[in-house]
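Below: the structure, in structure tokens.
These values consider heavy atoms only, across backbone and side chains, with no hydrogens, waters or symmetry-generated copies.
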Amino acid sequence: MVEIDDRLARRNAIILAGAQAFGAASPPIVVSLGGIVGVWLAPDKALATLPVSLFNLGVAAGTIPAAMLMRHLGRRSGYVVGAVLGALAGLVAAGGIYVGAFLIFCLGTFLAGNYSSFVQSYRFAATDGASFAFRPRAISFVMVGGLLAAVIGPQVAIHTRDLFPGAPFVGSFLGQGALALIALPILFMLRPVPMPAAAHGGGRPLWQIVRAPRFIVAVSAGTVTYALMSFVMTAAPVAMVGCGHTVGEATLGIQWHVLAMFGPSFVTGRLINRIGHSATTALGLLLIAAAAGVALWGLAVAHFWLSLVLLGVGWNLGFIGATAMVTECYRPEERAKVQAANDFLMFGTVAVASFSSGKLLDVAGWETVNWIVFPLVTLVLVMIGVQELMTRLRTRQISA
């Protein structure tokens, strides 16, 4: 049996954090500018957030192909292909803006979502070969890279948006593609992790794994956490501009949001080791509910920004906690299919939430977008509570 080497896992996690700093800079650019560009290019304002929704759909559509590619080529080669795809996405989106073609711009954001499906799996790659105790910290290491992305993405969007006179934001999306290329030399530094011989088999059937209560709770928690974050975040920039705030204020609001998404990663892994996956995830969901409460409180810039910050911190705790829960649901030989199934279910739901967000904002308004948060958070909190109660009862029965 191959001995677990957390030193190698730690090294790869740090490298993946560096790649994350540039790869995760793509979503803030798409989210902060996609709806605004959509207002200019879309034939109907109700379609303004379609580019952001297609980005999320691209993430969902790319999860399974990305997992299959990496299974055949390995993590490093698969991630290199993903980065090249990210560069192409930026070129297509920029071209769509330059020629004033809404559909081409949408294609570019969809391809950016495909690239993001590779980036999203960095968190799982960091756990390859890691001990159970180190896995939450490995995930947190990778997510720390998003802290740099929170600065890099919005700043690229702001400082390059007027690079081409008469075609605002073309430079921003060219910058998005360039960031993907910068990640390439970092990804080449990844080292393969020795896996047990059994890891090369197929393991249990997927249907048997996904129907386990622990997996159902984990994927439900991750899905609701991410979907609600995307649901509110997609609508926020358009709602801010609609309330009379500037594009710059909306972009900075997304920057603060993304900083809050990744900033807590320095401590989230340790928090999970201290209070557990379930408690950390539940705390994240409560913060998401608090974000909705602040958004309903008022429409000033401060209300939007504070809501987006709470939303980001809640996402961090809920997402990392749920991801750590998922890593306990599979054996090494089952990792690829279970990780792909988790991300497909999660990002498929996120895409639906993102699609409905723009329409709901247009029809029912910003308040309705936030009221929807509370019943979904309550449902998942109940699921987590029941799962923890059942686990404790089983533990007592075994000890008795």
Side-chain angles (χ1 to χ4, degrees), residues 18-42 48-52 54-56 58 82-116 118-119 145-187 233-234 236-238 240-241 245-259 261-262 305 308:
Q20 177 95 348
F22 298 101
S26 182
I29 294 174
V30 175
V31 171
S32 62
L33 300 181
I36 295 169
V37 173
V39 170
W40 298 338
L41 297 182
T49 59
L50 181 62
V52 181
L54 285 173
F55 170 83
N56 290 312
V84 173
L85 179 61
L88 176 64
L91 285 173
V92 173
I97 300 173
Y98 190 78
V99 301
F102 182 62
L103 290 180
I104 295 177
F105 177 65
C106 287
L107 174 61
T109 62
F110 178 80
L111 292 175
N114 292 159
Y115 168 46
S116 190
F118 287 88
V119 177
L147 187 61
L148 291 174
V151 177
I152 294 171
Q155 290 304 314
V156 166
I158 291 171
H159 292 292
T160 61
R161 63 185 181 184
D162 298 320
L163 196 60
F164 291 82
F169 304 117
V170 167
S172 300
F173 285 90
L174 287 177
Q176 172 196 322
L179 291 172
L181 291 178
I182 293 173
L184 276 174
I186 300 174
L187 291 168
M233 180 182 65
T234 300
V238 179
M240 287 189 71
V241 173
H245 305 303
T246 67
V247 172
E249 288 170 333
T251 303
L252 285 174
I254 294 299
Q255 178 173 341
W256 282 111
H257 168 68
V258 180
L259 282 168
M261 286 174 63
F262 296 100
W305 283 8
L308 286 168

At what distance, to the nearest 0.5 angstrom, does [atom1] of [X] lie from [atom2] of [Y]?
{"X": "F105", "Y": "L50", "atom1": "CZ", "atom2": "CG", "answer": "10.0 Å"}
{"X": "T160", "Y": "I29", "atom1": "OG1", "atom2": "CD1", "answer": "7.0 Å"}
{"X": "F55", "Y": "N114", "atom1": "CZ", "atom2": "CG", "answer": "9.5 Å"}
{"X": "L54", "Y": "F110", "atom1": "CG", "atom2": "CZ", "answer": "7.5 Å"}

Exercise: identify the closest heavy-atom pair between [X] and [Y]:
{"X": "A250", "Y": "V241", "result": "CB-CG2, 4.4 Å"}
{"X": "A93", "Y": "F173", "result": "CB-CD2, 3.7 Å"}
{"X": "L187", "Y": "A83", "result": "CD1-CB, 4.2 Å"}
{"X": "A183", "Y": "F22", "result": "CB-CB, 4.2 Å"}
{"X": "L148", "Y": "A21", "result": "CB-CB, 3.7 Å"}
{"X": "A157", "Y": "L33", "result": "CB-CD1, 3.7 Å"}

Ignoring hydrogens and geometry, is there a side-chain-to-backbone donor-acceptor pair from [X] to [Y] under 3.5 Å?
{"X": "S116", "Y": "A112", "result": "no"}
{"X": "S26", "Y": "G23", "result": "no"}
{"X": "W305", "Y": "E249", "result": "yes"}

Beyond-backbone contact of [X] with [Y], side-chain heavy atoms, under 4.5 angstrom:
{"X": "L181", "Y": "L184", "result": "yes"}
{"X": "I152", "Y": "L179", "result": "yes"}
{"X": "F262", "Y": "Q20", "result": "yes"}
{"X": "V30", "Y": "Q176", "result": "yes"}
{"X": "V170", "Y": "L163", "result": "no"}

**OP:** With side-chain contact (heavy atoms from CB on, under 4.5 Å) as the test, would you mind laying out the steps for L174 and L91 before giving the verdict?
**Re:** CA-CA 6 Å; L174 287 177; L91 285 173; 3.7 Å; yes

**OP:** Report the relative orientation of the aromatic rings in F164 and Y98; use parallel for angles under 30°, tilted for 30 to 60°, perpendicular for over 60°.
**Re:**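 The rings of F164 and Y98 stand perpendicular, inter-plane angle above 60°.
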
